[in-house]
Number of protein chains: 2
Amino acid sequence: MTVLIADDEERDRLWLKDLLTKNLPEHVPIQEVCDGQQAVDTAGRLKPDLVFLDIKMPHLSGIKAAEQILQKLPGTGVIILSNFSDEVYVRNLWKIVPADGAFGYVLKNASNEQVVEAARAVLSGDCWIHPGIARVIQRTQNRATSLTSAEYEALICIALGLTDSSIARRLYLTEKAVQSRLKSLYSKLAIPGRGEGQDTEFNQRCRAVFLSYRRGLINQSELEEWEGKLFETKTGGEK
Amino acid sequence: MTVLIADDEERDRLWLKDLLTKNLPEHVPIQEVCDGQQAVDTAGRLKPDLVFLDIKMPHLSGIKAAEQILQKLPGTGVIILSNFSDEVYVRNLWKIVPADGAFGYVLKNASNEQVVEAARAVLSGDCWIHPGIARVIQRTQNRATSLTSAEYEALICIALGLTDSSIARRLYLTEKAVQSRLKSLYSKLAIPGRGEGQDTEFNQRCRAVFLSYRRGLINQSELEEWEGKLFETKTGGEK
DNA sequence: GGTTTTTCTGGGGGAAACCCTAGAGGACGC
DNA sequence: GCGTCCTCTAGGGTTTCCCCCAGAAAAACC
């Protein structure tokens, strides 16, 4: 039995390693790496039973690393470590986790007991989801509040500060289509329009960005990734 | 000689305490508290030589706690611990630190050596600023790029998603005044307007929010505080 | 196959956001 | 005292965003 820890923060690695050696039944060998790509490579070689993946890592995020690892070794137990209950990640998570796989999601402010509990659960084939994030998961599965990928794309674009027409060009849509996406986005985020409410309190566009930041639907690192994608296609050949 | 540590994360407290006991010359008593208010209270009783303050703490932020502590005990050495190089905080910091005071600013991803170095420096009356934020400090002191408080207020409001007229009402200004603030904000953030550039790429309002998040001019917790302030004054007596 | 949901399309209208210019008052340093 | 900078104010114009309506195409569901 082997355990792999992937985290770019040395402090967190030490803490986790220490915790596991003290609390796991037998003396298990624990490997450490400090980015997502190394995690994938090392997992391929070691075929560990359990992998801890920090979400925020250089080169390859924890989610993407998990995707690749689970693709090659579906039986691996994966535990995602996250600082926040970001909805973006939860969103992507369900897509890559096999239905019968064992995995865990723990926030970094979890108590030591919780982490050990999660490790035990995943090792014995169960799932362990941090209590604080159950609500978030619920939301991602509710038809009325969860965003479709069309709405999500639009959200990213306005968060980056693009205009409607600019978005339309980048996503190969008409301006009307963009506005239509935004309209349903606003309604799902429950932002009052011009008609509702006594007088217009909010600029829906900015309000949507604000609320999405707060709910963890978007975050800085996710946005920067998209920024790269959206601008590279255009910087090449433009009149 | 006494040292006080204020941090809401138990893990970080342990790490820091451990680090200090091992590396400070003599056996110094180290007190721990877990929020800003406690830090102020305890500092008043203990009169410590050195105080570590995490920025993000419940009840009272590290900055505000530092302000109160330095007011009562100007000779105290203060070291701010921060996760990010947020410009918001740096902005406020210079206002409260006495010109001849000793203080430090270290990011949480600092190496153990750096933290010890900072502690030693501050204890001997020097300042220690994390290398990574020197650039940020520069920016806050450059006339051309640093924001005035009027521009900053406007920034907060659009980041919260308010409309021009709504901002005007809350800040007791005309709508034109708000737009004037925004105009100079956009130019300081170097966001191209409708005239510049081949075609209008950006919605300036949202773009300003995006860039400000990225530069750490604003952040979630800061915004939520303002949200509270801005809405309480209006929820009372509105037609 | 058919039914639902999602998404894109169109026209037309109103309000908010942004542009330009310009002047007046206040705060600051010197 | 002077100049400088910041800020608010104003009028008048353009563009973008958001609203209503509705219908058609595409995808997903049973």
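So that the names make sense, note that chain A is the first sequence line, chain B the second, and so on, each numbered from 1.
One finds no side-chain N or O of R181(B) lying less than 4.0 angstrom from the OP1 or OP2 phosphate oxygen of dT7(D).
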Taking N or O atoms only and anything under 3.5 Å, show me the protein contacts with nucleotides 10-16 of chain D, one pair per line.
residue, atom, partner, partner atom, Å
dG11(D), O6, K176(B), NZ, 3.1
dG12(D), O6, K176(B), NZ, 2.4
dT16(D), O4', R194(B), NH1, 3.3

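Salt-bridge formation is detected for the pair D7(A)/K108(A): a Lys NZ or Arg NE/NH1/NH2 atom is positioned less than 4.0 Å from an Asp or Glu carboxylate oxygen. A salt bridge does not link E67(A) with K72(A): every distance from a Lys NZ or Arg NE/NH1/NH2 to an Asp or Glu carboxylate oxygen is 4.0 Å or more. One finds no salt bridge joining E153(A) and R170(A) here, because no Lys/Arg side-chain nitrogen approaches an Asp/Glu carboxylate oxygen to under 4.0 Å. Under 4.0 Å is where a charged nitrogen must lie from a carboxylate oxygen, and between E151(B) and K183(B) no such pair does.
One side chain, E201(B) or S166(A), offers a donor N or O that lies under 3.5 Å from an acceptor on the other. Counting only N and O atoms by type, the side chains of D35(A) and Q38(A) include a donor and acceptor under 3.5 Å apart. Counted by atom type alone, S221(A) and E224(A) present zero donor-acceptor pairs between their side chains at under 3.5 Å.
DNA chain C lies under 4.0 Å from at least one heavy atom of each of the following residues of residues 148-155 of chain A: T148(A), A150(A).
Here dC8(D) presents its C1' atom at 14 Å from CG of L182(B), a figure rounded to the nearest Å. When the C1' atom of dC17(D) is taken as reference, atom CG of L162(A) falls 15 Å away, rounded to whole Å. Per the geometry, OH belonging to Y172(A) stands 15 Å off P belonging to dT9(C), to the nearest Å. Atom CZ in R207(A) sits about 19 Å away from atom C1' in dA17(C), given to the nearest Å. Between the CG atom of L173(B) and the P atom of dT7(D) there is a distance of 11 Å, given to the nearest Å. Note: CD (E201(A)) to P (dA15(C)) measures 17 Å, nearest angstrom. Between L147(A) atom CG and dT7(C) atom P there is a gap of 10 Å when expressed in whole angstrom units. Summarising the geometry, the separation between NZ on K183(B) and P on dA22(C) is reported as 12 Å, rounded to the nearest angstrom.
Side-chain contact between R205(A) and V209(A) is absent, with no heavy atoms from C-beta onward closer than 4.5 Å.
Under the ring-ring contact (aromatic ring centres under 6.0 Å, His included) criterion, Y186(A) pairs with no residue, sequence neighbours left out. Under the salt bridge (Lys or Arg N to Asp or Glu O under 4.0 Å) criterion, E227(B) pairs with R207(A), R214(A), not counting sequence neighbours. Listed by chain and residue number, nothing satisfies the ring-ring contact (aromatic ring centres under 6.0 Å, His included) test with Y152(B) (two or more places apart in sequence, or in another chain).
Consecutive Watson-Crick or G-U pairing (both distances under 3.5 Å) extending over three or more pairs maps onto DNA chain D as C:3-13 with D:18-28, C:15-30 with D:1-16.
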